[in-house]
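These values consider heavy atoms only, across backbone and side chains, with no hydrogens, waters or symmetry-generated copies.
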Amino acid sequence: MKKSQFILVNQLKEKLQEFPIIVSCLETKDPSFLEKIFSWLKSIEDIFSTNNISEVSEIAGLRSKILAAKFSDVRGSNIKKNQTKIAASILYDAQNIVLNILMPYEEKINECKEITQQLLALTAQTGIQKYDKTISFEDYMNIVWHYILSDNNLKVGAIKLKSMLSEMDIIMLIADVIDPEEFS
């Protein structure tokens, strides 16, 4: 089964939104900084691993640099201070790896979002697919998608979407951009 690019983009964007908080923890010498950067790195590893993104090893490598300071043989060294220095030095690289993974997926989702908005606007103009509140929102998204697939005027756009995203992603995209008021 194809992994959802829509979910991946949302997860990575959410993780990047958390990043300024981590940097602020470093700035204010918050004692939880190491815990937060470790947790952030691990969550990125989990997302990359789930989506078979090979840069998971780069993130794990950065995390290992922080861990390595824990096993220093230098007498009298402050382990936590050394870990903090190393963590601070890898912050930019860590977010840059995530950003470089995110950007092509985000561009693709944005392109698909534009196509979806155009298809929905054309669908709404027909007045055929009225939003019925007695039907679940998910079922209504499927009805709208199948209408787009079956309409000869919209089929080209639907095929383009299908070539770029899984059907599950397309349904989520429709749910994200549809304005039920336009269909009432």
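- F48 is not listed as a side-chain neighbour of E58, based on a closest heavy-atom distance of 4.5 Å or more.
- Residues I79 and F71 have side chains not in contact (no heavy-atom distance under 4.5 Å, counting atoms from C-beta outward).
- Between L149 and H146 the shortest side-chain heavy-atom distance falls below 4.5 Å.
- Of the possible donor and acceptor atoms, one in the side chain of D30 sits under 3.5 Å from a partner among the backbone N and O of S32.
- Checked against C112 for a side chain to side chain contact (heavy atoms under 4.5 Å, CB included), the options Q117, M164, Q5, E107 give a single hit: M164.
- Between L34 and I37, the closest heavy-atom pair is O-CG2, 3.3 Å.
- For K15, the salt bridge (Lys or Arg N to Asp or Glu O under 4.0 Å) partners two or more places apart in sequence, or in a different chain, are E18.
- Taking a 6.0 Å sphere around CD of E35, one finds it holds 12 or fewer heavy atoms contributed by other residues, nucleotides or ligands.
- With a 4.5 Å cut-off on side-chain heavy atoms, I90 and L41 count as touching.
- Applying the side chain to side chain contact (heavy atoms under 4.5 Å, CB included) test between V9 and each of I109, N110, D169 identifies I109 as the sole match.
- Considering only heavy atoms from C-beta on, F183 stays 4.5 Å or farther from K130 through its side chain.
- Checked by atom type and distance alone, the side chain of S39 never pairs as donor or acceptor with a backbone atom of K36 at under 3.5 Å.
- Looking at heavy atoms from C-beta onward, L161 lies out of side-chain contact with I148 at the 4.5 angstrom threshold.
- For the pair T116/I170, no side-chain contact is recorded, criterion being any heavy-atom separation below 4.5 Å from C-beta on.
- Between D132 and Y140 the shortest side-chain heavy-atom distance does not fall below 4.5 Å.
- Listed for the S49 side chain is no donor-acceptor partner under 3.5 Å among the backbone atoms of D46.
- The residues K155 and D151 are annotated as not salt-bridged, no charged nitrogen and carboxylate oxygen being separated by less than 4.0 angstrom.
- Not a single donor-acceptor pair under 3.5 Å links the side chain of N96 to the backbone N or O of Y92.
- Across N78 and K80, no two heavy atoms sit closer than the pair OD1-N, 3.2 Å.
- More than 12 heavy atoms of other shown residues, nucleotides or ligands fall within 6.0 angstrom of atom NZ in K42.
- Salt-bridge check for E111 with K160: passed, with a basic side-chain N closer than 4.0 Å to an acidic carboxylate O.
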